[in-house]
There are 2 protein chains.
Amino acid sequence: MSDSEKLLDTIPRALYFDNEDRFFILDQTKLPTDEMIEEQKDVEQVYDSIYQLKVRGAPAIGIAGAYGLVISLKNSLDLEIESFLELVYKNAQYLNSSRPTAVNLSWALNRLSKIAQDFPKDKTAKELYDVLKHEAILIHKSDIETCRLIGEHGAKLIREGDGVLTLCNAGALATGGIGTALAPMYVAWSKGKRFSAYSSETRPLLQGARITCWELNKFGVDTTVIADSVSSYLMKLGRVDMIVVGADRVANNGDTANKIGTSSLAINAKFYGVPFYIACPYSTIDTNSKSGTDIVVEERGKDELIYIKGQQIAPKNIKVCNPAFDVTDNSLISGFITEKGVIRPPYNFSK
Amino acid sequence: MSDSEKLLDTIPRALYFDNEDRFFILDQTKLPTDEMIEEQKDVEQVYDSIYQLKVRGAPAIGIAGAYGLVISLKNSLDLEIESFLELVYKNAQYLNSSRPTAVNLSWALNRLSKIAQDFPKDKTAKELYDVLKHEAILIHKSDIETCRLIGEHGAKLIREGDGVLTLCNAGALATGGIGTALAPMYVAWSKGKRFSAYSSETRPLLQGARITCWELNKFGVDTTVIADSVSSYLMKLGRVDMIVVGADRVANNGDTANKIGTSSLAINAKFYGVPFYIACPYSTIDTNSKSGTDIVVEERGKDELIYIKGQQIAPKNIKVCNPAFDVTDNSLISGFITEKGVIRPPYNFSK
């Protein structure tokens, strides 16, 4: 077992596919109180798991879609190839509708559908099944490798004794591997560097408190949870040496859409001279978006601000502004930690 | 009835004392779901109301202490003056221990105790009672007037159509009058100016969502609640024209301790060129503190971050950093809205 395989083995996994073609996910909606692994037995169950955010994070959803399609086929291997193909398309389309905006989901399912479409019609359903399964495993392995490389490049930026702050969850539980923003922390820690991680709780859905704290804590990284407004306070005290967060979409000029609160963190980092990094695979960079103004920000429902876990915390008839993301200006970003290395400004990814 | 009396009459009150010497508070721990007015019948009840934050906010606590002392005496008017005096001291000391760090509470109780101490010993308990009651009402009236003046001065800064953002609750429910940070909004709105108020929810204790939204909404100000990390997003969109918050303590050079998150707001405001104001009475300015480095920040318990309303949202064994306040640098503050007018930089309050 290589060092990186050993590392992967000690980090919580969002999902896995075993030698008997069984597909399992960790139900993230139950975190941090319950750690429940759930076998996915049919296509409806996988749809629900993605829809209900039991599995979440763009890379993880893509892989879940691919494995979900595979397990939805495994009891139909005695079908004629034409009927089997119809089942592939139908199930891929159905799974793709579970979270229509997740680009990795449609990307993975389209990749499998294309392979099915091009498959010789004189072969058997079983033969096609094996090819699709192989491809799903390949998608997963490729994500593991991307995360590993992001971790290796990013770990060099973390020094012994540093304070490293992150927002939301761009960790192992958002990917098939060791995460994006958290990957540098896992690699650095596994190489014996000791530092303090700060996890911003990330209102309104608290992915930082619920998920990032859970996975870092489980691995053994020294982790402190803070309210989102505390990051500035810690920077003023000199307790934060580096900020690293993930990205939902990066424009060609480096403007970056990520979880709401990222932009405020970056502005505070600039004010206090703290390096601010985005960790993301190249697949997150959308060179068709020239700048952040091309990125549309999704607004979510009122109830996320009026209730927490069913408890009312604001007047029911109050107005709510609940954007899911914000766009951070490229001038505030010290670098992008990618599988190809750390990219420094000025940014022009299409070149 | 003057305009300002009419305004005060239409705004939710934290507390009041009626013509039959009865003292009532609004139980703020029940907001925003229940609006419960509770008569305070004895000194233990007032102690508990302050201790349990049913009444909160430095000015409101001072007034509650004064009225609490008065009602604790009203059934003992047939005592000899010496025994009555002992009761005054004992109850004042007891009430003062309900929140030992609240400077307004000890200030108000010391003021009443001093009057009792200097009172001619040949007079009756009833005569001393009347003097103390008169003084408690005076403390309350003086706070009402201070709030009114802050409101008048601050209202001139709000223009028709503005977006005005605030954090935490420095409103009517924190004072005896129309508040400090919210006073300019009440005065401007009552004069017919129409603007949009934004209330930052203020993690971890959610005073913005629970209390500020409730009182502004009740009065009829157009109010939107946001997660604390959304303020920067709104500034980027140009939807915030002014920020106004309260203060817990202002140093002589203008450095200001206030609710955690204030400093991050001010840094974002500087970045986007949004005017940033502190609204506070002169009594909040501590000229003995030369600068913010003289101000000690209270750290609060873990559970405020690990649980919300009894529901666990982070791993139980995670570390927590939970400062109640932060200190905003004077260079980030556009002005102090006080009862004496708007004070502009450079700040040197002892001059």
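To find a chain, count down the sequence lines: A is the first, B the second, and so on, and within it residues start at 1.
- A distance of 7.5 Å separates OG1 in B:Thr224 from CD1 in A:Ile318, rounded to the nearest 0.5 Å.
- Contacts with chain B were tallied for A:Asn268, A:Val320, A:Asp326; A:Asn268 has the most, counting heavy-atom pairs under 4.5 Å.
- Using a 4.5 Å heavy-atom threshold, the side chains of A:Cys321 and B:Val230 count as touching.
- Closest non-hydrogen pair, A:Ser232 versus B:Ser263, comes out as OG-OG, 4.0 Å.
- Residue with the most contacts toward chain B among A:Ile260, A:Asp228, A:Asp222: A:Ile260 (heavy-atom pairs, distance under 4.5 Å).
- Of the inter-residue distances, the one linking B:Thr33 atom OG1 with A:Ile313 atom CD1 reads 11.5 Å to the nearest 0.5 angstrom.
- Annotation for A:Lys309: atom NZ counts as buried by contact number, over 12 foreign heavy atoms lying within 6.0 Å.
- Residue with the most contacts toward chain B among A:Leu216, A:Val327, A:Leu265, A:Ile306: A:Val327 (heavy-atom pairs, distance under 4.5 Å).
- Inspection of non-hydrogen atoms places B:Glu201, B:Arg203, B:Leu206, B:Ala209, B:Arg210, B:Cys213, B:Trp214 of residues 194-214 of chain B under 4.5 Å from chain A.
- With a 4.5 angstrom heavy-atom cutoff, A:Leu332 touches chain B only via side-chain atoms.
- A heavy-atom distance below 4.5 Å is not found between the side chains of B:Asn322 and A:Val225.
- The minimum heavy-atom distance linking B:Asp329 with A:Lys236 is given by the pair N-NZ, 4.4 Å.
- Contact tally against chain B (heavy-atom pairs below 4.5 Å) for A:Val297, A:Leu31, A:Asn217, A:Ile226: the top residue is A:Asn217.
- Ranked by heavy-atom pairs shorter than 4.5 Å toward chain B, the options A:Ser231, A:Ser264, A:Gly261, A:Gly310 are led by A:Ser264.
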